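Notes follow once the structure below has been shown.
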Amino acid sequence: MKKTEVKKLTLEEKISLLTGADNWQTESADGKVRQVFLSDGPSGLRMHDLKNNYATIKATALPTCHVLSYTWDTDLAFEYGATIADECIIHGADVLLGPGVNIKRTPLCGRNFEYLSEDPYLAGVFGAAYVEGVQSKGVGACVKHYCANNSEADRCHQSSEVDERTLHEIYLKPFEMTMKAKPWTVMCSYNPINGIYASENRKLLNDVLRGEFGFDGLIMSDWGAVHNPVRAVQATLDLCMPHRDDSAGLISEAVKSGKIGEAEIDERAQKVIDLAEKAERAAVKRKVTTTAEERHETAVKIAKEGIVLLKNEGNVLPLGGNAENGGQNKYFVLGELSEKPFISGGGSGEVQTAFVQKALHEHIAEKTGAETKYRNFCGWEPNWRDIYGDAYEADVTILPVGHDRSVESEAHDRSSLRLTPEQEDMILRVAGYAKKTVVIVYAGSAVDMSRWIGAVDGVVFSGYAGEGVNEALSDLLCGKANFGGKLTETFPLSLEDTYKGGRTSDGMTDLYDDGIFVGYRYYDKEKKEVLFPFGFGLSYAKFEYGDLRIEKTGESDYDIVYNVTNVSEAAGKEISQVYVKDVLATARRPEKELKGFSKDLIAPHETKTVRVHLDISAFAYYNVSLGKWYAENGVFEIFVGGSSRNLPLKGKLYLELPEDTQYSVR
Ligand code: BGC
């Protein structure tokens with residue numbers, strides 16, 4: 001069907017295209033338009049086999065998106081997208097419902113494991129790379145959930161009340177950046193934004209997304225997010241998902257009564273036809289280029305790059321013994337998570353894998369060659385005397401802990417950042433007998449470790465690292481690979497330290513009065529200590545920073561150049577981060593904002609010169625009076641280092657844009 005042929009469809013057929021045929025497919029307008037198959041996303045393919053009683057198909061469970069972002073490696077985000085797309089091709093899905101680029105405003109959000117970061121720039125960079133990866137295979141991506149859907153509790157009705165500047169600078173920014181990758185589709189969120197449901201929000205769908213961001217693809221609703229199909233069409237929502245029986249009738253009535261013009265119907269139907277044509281054109285070229293084994297290897301590789309080492313006192317790791325931790329030869333692993341680690345949170349993002357993991361303790365025994373004792377710890381009537389005895393005898397005791405989908409999932413938020421009291425007690429008790437203790441945490445977002453972190457020697461944040469976690473984790477623990485992941489969200493000391501301090505909203509309104517001060521921007525403003533800052537992660541290697549130079553390469557373009565030296569005997573990857581501060585700003589601005597980064601493999605005692613480019617977007621803020629991004633001339637400080645709270649290099653530059661781009665400041 002060619003573009004102009006929307007005119008050849010009857011009004012009824014056009015209207016029929018505006019809601020799904022069923023749960024997962026678009027309509028065919030009486031066989032005239034190719035149906036498009038949509039499938040979840042975002043951490044692997046979650047698809048129901050329509051020919052087999054809607055059974056969930058088995059697919060590769062990649063690390064969930066928070067672990068992907070801890071890699072700080074956008075090539076891996078591309079590979080991640082392309083890997084899932086291969087499974088879409090195998091099973092006949094045309095559009096993958098991902099990535100989710102919503103900002104992690106609170107660590108309580110039940111869906112944080114599906115999202116990328118608390119920082120809009122980082123979420124945007126990763127969102128774009130993910131989309132490019134998916135679409136490189138001729139499968140469409142769907143960027144979700146547009147927008148300001150930052151908690152799951154009351155997500156369907158509670159209005160996110162966000163001021164214009166905050167909306168653009170924090171919550172819309174990742175969407176804006178991801179649009180550069182030209183996603184085929186965008187999914188609107190469930191929640192109202194400033195009192196109007198996303199699905200009916202013409203300003204956000206039409207004026208901002210299509211107008212300002214230049215999006216020319218199809219906008220679909222989240223599943224069940226349309227309240228009024230007529231208002232949705234008026235707001236330029238193209239596709240109401242899933243199928244709704246009353247949609248066609250209501251829209252037809254509205255056309256008859258003149259509330260909706262036929263031209264509007266044509267525009268919306270055209271988007272569905274365009275998507276169908278895109279899918280048809282792409283389908284003939286689609287080619288699966290990976291084997292199931294290779295896709296599993298990708299899951300392992302990303303887990304290895306994304307798992308974060310948070311504490312390594314006295315170099316308790318790597319296991320296997322080294323010069324510093326002296327001749328370890330006996331390990332004890334306690335807890336059934338060794339056999340069945342948590343690899344994902346719950347909800348539509350949970351992938352069913354067929355892969356059966358070898359237990360962590362078996363990997364450790366093989367990789368170290370040391371005696372490795374394992375005990376299941378079900379939490380019911382444990383034999384503490386035996387447990388303490390094993391911990392006492394071992395050189396290192398490893399305690400895998402955390403929570404699964406019952407705690408972190410779509411449709412509800414966490415109520416606490418803590419592990420269960422039983423898990424915390426267990427850590428403290430066992431650490432009291434163990435020579436050395438390493439805790440492995442499986443969770444989808446920040447965990448408050450304050451009660452026990454002082455009692456243990458090592459902490460590894462595994463996150464939800466997918467079906468390859470035990471292979472990856474054991475390589476990292478045993479020094480067969482080096483840790484190279486860093487957090488993309490702040491771990492606060494406690495829930496009380498977060499902006500909301502555990503207070504929930506009332507189900508009607510969620511007031512975003514933290515404004516632009518989200519994540520590290522908030523902790524910086526409040527000068528609060530945190531448990532682990534944004535951008536933090538340890539390595540077996542040690543790095544030093546030096547020799548910062550700021551090179552002007554254009555009117556508002558700069559290269560930030562610096563040296564990173566590996567001052568250790570271990571090869572390792574360092575994620576260096578570049579932050580910008582607007583010193584003399586007319587508008588209130590954060591203490592600093594991430595504007596660039598680089599991840600580099602550096603050999604022992606090697607120095608690498610790193611170059612990070614900054615363009616005008618590194619200096620601009622969203623000016624509400626102008627209704628656009630605005631860079632104000634003046635002095636900007638540049639900070640470079642290994643985390644948002646460890647920035648040894650500091651420099652400055654003077655932005656001097658032509659006078660006619662500026663407004664009076666005095
Ligand atoms: C989720 C979406 C998902 C859709 C289809 C909704 O509940 O919010 O992210 O893509 O269901 O499963």
Side-chain angles (χ1 to χ4, degrees), residues 19-26 36-50 54-57 59 61-62 64-66 81 84-85 87-88 91 93-104 109-116 123 127 130-131 134 139-158 160 174-175 178 183-193 197-199 217-227 237-244 275 344-352 405 408-413 444 464:
T19 185
D22 51 34
N23 261 342
W24 303 108
Q25 299 178 91
T26 58
V36 176
F37 202 109
L38 316 167
S39 227
D40 281 311
S43 305
L45 183 67
R46 187 191 70 114
M47 186 177 188
H48 298 296
D49 186 348
L50 306 193
Y54 279 80
T56 309
I57 59 136
L62 291 160
T64 62
C65 290
H66 73 134
I84 307 175
E87 296 195 345
C88 290
H91 295 286
D94 298 298
V95 172
L96 175 72
L97 302 175
V101 300
N102 295 80
I103 289 295
K104 302 184 194 195
C109 173
R111 250 179 139 169
N112 276 356
F113 71 93
E114 285 190 60
Y115 296 144
L116 294 160
Y130 179 122
V131 169
V134 173
V139 171
C142 177
V143 184
K144 62 191 190 182
H145 309 89
Y146 185 79
C147 63
N149 177 188
N150 309 98
S151 61
E152 288 298 290
D154 302 312
R155 67 174 173 169
C156 289
H157 305 289
Q158 182 167 267
S160 300
F175 289 95
T178 307
W184 289 12
T185 69
V186 168
M187 183 191 291
C188 81
S189 57
Y190 284 115
N191 52 293
I193 300 100
Y197 277 108
S199 60
L218 173 140
I219 308 178
M220 69 181 81
S221 69
D222 200 341
W223 269 230
V226 169
H227 294 258
L237 185 96
D238 303 305
L239 178 65
C240 160
M241 284 305 291
H243 172 79
R244 228 180 114 139
L275 180 67
S344 174
S348 60
E350 191 171 1
V351 176
Q352 297 295 323
R405 65 181 80 77
E408 290 192 68
S409 173
E410 179 177 343
H412 62 81
D413 289 336
Y464 292 141

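Keep in mind that what you see is a predicted model, and the values were worked out from it rather than measured. Ligands are counted one by one from 1 in listed order, and the atoms in each one are counted from 1 as well.
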For the student: nearest non-hydrogen atoms of F113 and E408, plus distance:
CE2-O, 4.0 Å

At what distance is the nearest protein heavy atom to [atom], and which residue and atom is it?
atom: atom 7 (O) of ligand 1; answer: E410 OE2, 2.5 Å
atom: atom 12 (O) of ligand 1; answer: D40 OD2, 2.5 Å
atom: atom 11 (O) of ligand 1; answer: D222 OD1, 3.6 Å

Does P99 reach the side chain of V143, with side-chain heavy atoms less than 4.5 Å apart?
yes

Heavy-atom check, side chain of C188 versus side chain of L237, under 4.5 Å
yes

Side chain, backbone, both or neither: which part of M220 comes within less than 4.0 Å of ligand 1 when only heavy atoms are counted?
neither

Within reach of ligand 1, part of M241 (heavy-atom separation under 4.0 Å)
neither

Taking the six-membered ring for Trp, are H48 and Y54 parallel (under 30°), tilted (30 to 60°) or perpendicular (over 60°)?
tilted

What orientation do W24 and W223 show, parallel under 30°, tilted 30 to 60°, or perpendicular over 60°?
tilted

Numbered atoms of ligand 1 (with element) below 4.0 Å of [X], judged on heavy atoms:
X: R155; answer: 7 (O), 8 (O)
X: L97; answer: 10 (O)
X: R46; answer: 12 (O)
X: K144; answer: 2 (C), 3 (C), 9 (O), 10 (O)
X: S348; answer: 1 (C), 2 (C), 3 (C), 9 (O), 12 (O)
X: W24; answer: 5 (C), 12 (O)

Can you find a non-hydrogen atom of R111 under 4.0 Å from ligand 1?
yes

Is there a heavy atom of E114 sitting under 4.0 angstrom from any atom of ligand 1?
no

State, without any angle test, whether [X] and [Y] hold a side-chain donor-acceptor pair at a distance under 3.5 Å.
X: Y190; Y: H157; answer: no
X: E350; Y: S344; answer: no
X: H145; Y: R155; answer: no

Do other residues, nucleotides or ligands put more than 12 heavy atoms under 6.0 Å from the CZ atom of R405?
no

